[in-house]
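Fair warning: this is a prediction, and the values are worked out from it, not measured in the lab.
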Amino acid sequence: MTTSTAPYADLTGPTLARRIMTAPTAGPLAALVLACAFFSLTTDQFLSGGNFSLVIQQVMVVGTLAIGQTLIILTAGIDLSCGAVMAFGSIMIAKLAAEGTVPPLAAIALGLTVCAGFGLVNGLLVKLIPLPPFIVTLGMLNVAFALTHIYSKEQTVSDLPSRLTFLGSTFPLGRTDVTYGSLVALTLFALFAYLLSSTSWGRHVYALGNSSEAARLNGIRIGRLTIGLYALAGLVYGVAALLLISRTGVGDPQAGQTDNLDSITAVVLGGTSLFGGRGSVLGSLIGALIVGVFRNGLQLMGVASIYQTLITGVLVILAVTVDQISRKRTR
């Protein structure tokens, strides 16, 4: 006589609902849903398609920066230079194209290459010397900031070719107009979500963040991987520079001064651990949307911008506190 063990397996094994509830993005997603529900009840304009499109447009630049920031934070590093690198890339692309030095597409390619070069230098300094990521990227922030103002001569670059601002154009989606730039940003999120979750490269990234020594002993070339990640993050910042140009229509030397902190905020709110090895770019997208929804909703309610900053700071502290508590419980 045989006895089926299936019921016992169902009781002891992780169910689909349990896996969903314990996923790192479950908390941020719940917070996003609650925020949307709150602002839909307190403001009449929040639920409109045009407003949601506006929120996505407002977060697409910081959200794209958050993709590169996620790659770095997953390795237990941090990148304070992302906003400044993006600003320099945007000024370089805009100035080269506006002055007719090179064709617009070549200007974009050069801008992306230079941004990737900033990331490459960061990676080399972090891995080969080695220096702490905080110090390296803090120094690079100042370098990129200074170069932006030197190269631009403190002047905003306008009268850009249409090829540079094309991503700011819209197309109809139902009754809502959506920018091509928003579509590019969402495509990047989907691409990196796949790479991190479904490829051996992604598994190596998480292994490096969990324990660099264990990753090395398992045959992962951690030096090459680390340098490549910083360079790839720089390339993503270059894409963010192009999105910034398409959104504003100019090359602004004052842009991106707080976007480094905003990108870190999005990553942390999205459930990525500052200690490395845990998180996802989809979580960072949710984190960017949380910030965007709060700022948009509070603005619709007539709340002063300084209180929006205050609430964002409280959310970051809460997110890091939850991460710290969860780490202690899993030890």
Side-chain angles (χ1 to χ4, degrees), residues 24 62-86 115-145 188 192-193 195-197 199 201-218 220-240 256 258-285 287-288 316 319-320 323-324 327:
V62 170
T64 302
L65 287 178
I67 295 175
Q69 190 72 253
T70 303
L71 297 178
I72 304 304
I73 291 180
L74 281 175
T75 66
I78 199 160
D79 191 348
L80 298 178
S81 68
C82 60
V85 169
M86 176 192 69
C115 288
F118 274 104
L120 178 62
V121 173
N122 281 339
L124 290 171
L125 293 174
V126 166
K127 197 58 199 173
L128 297 186
I129 291 187
L131 294 173
F134 182 92
I135 299 300
V136 169
T137 58
L138 178 61
M140 192 60 72
L141 181 157
N142 289 290
V143 170
F145 178 82
L188 278 178
F192 278 95
L195 291 175
L196 285 171
S197 64
T199 67
W201 174 82
R203 290 190 289 273
H204 290 172
V205 173
Y206 283 104
L208 175 61
N210 280 314
S211 173
S212 60
E213 181 62 18
R216 185 187 66 80
L217 293 175
N218 278 283
I220 298 174
R221 297 180 176 180
I222 59 174
R224 178 183 297 181
L225 180 60
T226 300
I227 295 169
L229 283 170
Y230 276 90
L232 181 58
L235 180 62
V236 173
Y237 304 153
V239 176
T258 62
D259 284 351
N260 57 343
L261 300 180
D262 288 342
S263 69
I264 296 171
T265 298
V267 174
V268 171
L269 289 179
T272 296
S273 174
L274 287 172
F275 302 96
R278 189 180 65 181
S280 70
V281 292
L282 291 182
S284 298
L285 172 60
V316 171
V320 175
D323 176 46
Q324 185 77 324
R327 279 177 57 85

Identify, with sequence neighbours excluded, every residue that meets salt bridge (Lys or Arg N to Asp or Glu O under 4.0 Å) alongside D262. R295
For A207, side chain to side chain contact (heavy atoms under 4.5 Å, CB included) partners two or more places apart: A215, I220
Can you name the side chain to side chain contact (heavy atoms under 4.5 Å, CB included) partners of T199, sequence neighbours left out? Y194, L195, W201
Quick one: list whatever passes side-chain hydrogen bond (donor to acceptor under 3.5 Å, both in side chains) with T70, sequence neighbours left out. S284
Please enumerate all residues that pass side-chain hydrogen bond (donor to acceptor under 3.5 Å, both in side chains) together with T64, with sequence neighbours excluded. none
Evaluate the side-chain proximity of D79 to N260: yes if any heavy-atom separation is below 4.5 Å, no if none is. no
Show every donor-acceptor pair shorter than 3.5 Å between a side-chain atom in residues 222-232 and any protein atom, with sequence neighbours excluded, or say none if there are none.
unit_1, atom_1, unit_2, atom_2, d
T226, OG1, I222, O, 2.7

Taking all heavy atoms of [X] and all of [Y], pick out the closest pair and write down the distance.
X    : Y    : answer
G238 : C115 : CA-SG, 3.6 Å
L138 : N142 : O-ND2, 3.0 Å
S211 : A214 : OG-N, 3.2 Å

Under the ring-ring contact (aromatic ring centres under 6.0 Å, His included) rule, what pairs show up with a residue in residues 118-139, not counting sequence neighbours? F88-F118
With sequence neighbours left out, which residue pairs that include part of residues 202-215 fulfil the salt bridge (charged side-chain N to carboxylate O under 4.0 Å, His left out) condition? E213-R216
Which pairs, with at least one residue in residues 121-131 and sequence neighbours excluded, count as a side chain to side chain donor-acceptor pair (under 3.5 Å)? S81-N122
For Y206, check ring-ring contact (aromatic ring centres under 6.0 Å, His included) against everything at least two apart and list the hits.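 By the ring-ring contact (aromatic ring centres under 6.0 Å, His included) rule, Y206 matches no residue at all.
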